[in-house]
Amino acid sequence: MPATGPATGPLAEPATGPAATEPATGPAATEPATGPAATEPAAYRATAPDAGGPAGARTGVAVVGAGILGVLIAREILTRDPAATVTVLDRDMIGSGATRRSAGLHFPRGANDTVRTLAAESERFYADLHTARPDLPIHPLGMTVLAPESAEERLREVYLPEAKLRWTTELPPVVGPLPENFGAWEGDGCQYADVHALTQLLAAELRPRVAFREGVAVTSVAAGPGGARLTLTGGATLTAEHVVIAPGPWLAEPAWRDLVAPLGARVKKIVALHIDRAPAPGDRAVVLHAEDAFLLPFHHRGHWLFSYTCREWDVDPAAVDPALTAGHLREARALLTRYAPDLAAHCRSGRVFCDAYGPGGTPLVTELDPYGRLVFAGAASGSGYRLAPALAARAADLIPSLPSPRKATT
């Protein structure tokens, strides 16, 4: 992927759903965090210049969070420097957080130039990966975008040239008559993945070179001019030259809560309905542009998935009930009835989880301390899988010991 320069602030796609209409709390992180959250004793504890402290294990880079982003960060680091020492830690198993529940839909769009660049990089990454490893659970499929006819100019702005967006009068079989003054456009470059399985497979390939510590929580993070030190469950320590924190929606963990809070990221509930109807082999993804929703033929599971915008903000991922509520079902069915009424009656189950959103829907890749030892990567605003390769590269850009310009390969 071509280099676009190191990232020192937010990288993001403004949301087309609630993140665009509901303001985030807290300041946007346009520069590395060097204010009170980085320097107050309660939030920032400097180590000795050699990043010493209690005796414990050492590593070049510690990645906290073993979701799709954390695993791709480890992969990116080793792509640039095969001799690097990398440790990936997760309080649960690899890919067991939001990654496990991700729909894994990728389509080539971005609401601004920065995100279009990120989306284009990620699309090339996944296309090359699928070519090199056709056994991986990445599934190309067609795409149809439904939107008001008046939105055509905007659609051509946000979708990448690679999408080759084109007007069509042929609607997907699952779509009913469109609302008045609506149109349909076909596009290329769409795919979806079994993100949990993909993350597991990529991690398995990395195991000979990466130390994975599953079921190990980070209880504190300390950094100084010479490095960083993590305290782990049971009192063990891990000293690292750099730490990349990729926590998914777990922004409020005590170890990094005070460091991350000034970034202004928030956590939102995500709801997706499982439609008990098997997709046909040629069925396409259907994007409801104005509603920030989509229908996805989950061929590998034998049903459709309908993701719509839930507006429940500032939730705790540890306390979110994974069960659908009657309200979720009513909201989803009402929206689905407008576009695919035959499917609405088949919505009976689904998945509930949460995701982190940056201010205005802006993903964040930024330094957290004045010494550049701690990096935050995430708040991908519902696009974690879609933008993960490019965000992983931006996180690696903030590790000065790695070669640059980057040469990300599959």
Side-chain angles (χ1 to χ4, degrees), residues 13-21 103-111 116 119 139-192 270-299 303-311 327-348 350 361 382-383 386:
E13 174 174 9
T16 57
T21 57
L105 179 63
H106 173 92
F107 41 86
R109 79 176 187 192
R116 283 189 283 275
H139 310 287
L141 75 167
M143 172 181 69
T144 299
V145 180
L146 306 181
E149 294 177 359
S150 60
E152 181 167 12
E153 183 177 351
R154 179 57 177 162
L155 290 177
R156 298 197 182 281
E157 290 176 0
V158 300
Y159 280 85
L160 302 177
E162 292 86 343
K164 300 178 183 177
L165 212 62
R166 51 203 178 269
W167 174 269
T168 182
T169 57
E170 185 177 349
L171 296 177
V174 297
V175 174
L178 293 181
E180 187 176 358
N181 299 320
F182 261 61
W185 293 261
E186 291 182 352
D188 299 336
C190 181
Q191 52 100 335
Y192 82 95
I270 305 294
V271 179
L273 279 293
H274 294 173
I275 301 173
D276 297 328
R277 186 158 154 184
D283 279 334
R284 310 164 63 84
V286 180
V287 180
L288 310 181
H289 179 79
E291 289 81 4
D292 194 23
F294 60 81
L295 270 166
L296 176 61
F298 249 19
H299 294 288
H303 67 83
W304 286 81
L305 180 143
F306 179 53
S307 177
Y308 78 99
T309 299
C310 177
R311 300 182 183 276
H328 295 147
L329 289 169
R330 282 195 303 270
E331 290 175 347
R333 287 170 178 165
L335 178 56
L336 193 55
T337 298
R338 295 186 62 200
Y339 297 96
D342 289 346
L343 296 182
H346 297 276
C347 289
R348 301 185 184 92
S383 295
R386 192 165 74 86

Could you pull out all residues at least two apart from E162 that satisfy side chain to side chain donor-acceptor pair (under 3.5 Å)? none
Do the side chains of R386 and L105 get nearer than 4.5 Å, heavy atoms only? no
Would you mind reporting whether R338 and L178 have side-chain heavy atoms less than 4.5 Å apart? no
Could you pull out all residues at least two apart from A344 that satisfy side-chain contact (heavy atoms from CB on, under 4.5 Å)? L336, T337
Looking at side-chain heavy atoms only, is the closest gap between L335 and F306 below 4.5 Å? yes
Show me the side-chain donor-acceptor pairs of residues 272-286 shorter than 3.5 Å, one per line, residues at least two apart or across chains.
unit_1 : atom_1 : unit_2 : atom_2 : d
H274   : NE2    : R351   : NE     : 3.0
H274   : NE2    : R351   : NH2    : 3.2
D283   : OD2    : A280   : N      : 2.6
R284   : NE     : T144   : OG1    : 3.0
R284   : NH2    : M143   : O      : 2.7

Which residues satisfy the side-chain contact (heavy atoms from CB on, under 4.5 Å) test with A147, sequence neighbours excluded? A151, L155, W185, H289
Can any side-chain N or O of S307 pair as donor or acceptor with the backbone N or O of F294 at less than 3.5 Å? no
Can you list everything that forms a side-chain contact (heavy atoms from CB on, under 4.5 Å) with R166? Sequence neighbours excluded, please. K164, E186, D188
Does any non-hydrogen side-chain atom of Q191 lie less than 4.5 Å from one of H106? yes
Side-chain touch Y308/V271, heavy atoms, less than 4.5 angstrom: yes
Hits for side-chain contact (heavy atoms from CB on, under 4.5 Å) against E149, two or more places apart or cross-chain, chain-then-number order -> W167
Can you tell me which residue pairs pass the salt bridge (charged side-chain N to carboxylate O under 4.0 Å, His left out) test with a partner in residues 174-184, sequence neighbours excluded? none
Indicate the atoms forming the closest heavy-atom contact of C347 with L329, along with that distance. O-CD2, 3.8 Å
Listed partners of F298 passing ring-ring contact (aromatic ring centres under 6.0 Å, His included), at least two apart: Y192, H300, H303
Report the residues that fulfil salt bridge (charged side-chain N to carboxylate O under 4.0 Å, His left out) with E331, sequence neighbours left out, ordered by chain and then residue number. none
Would you say that R348 contacts H346 through its side chain, given a criterion of any heavy-atom pair below 4.5 Å between the two side chains? yes
Spacing of L296 atom CG and L141 atom CG [to the nearest 0.5 Å]: 6.5 Å
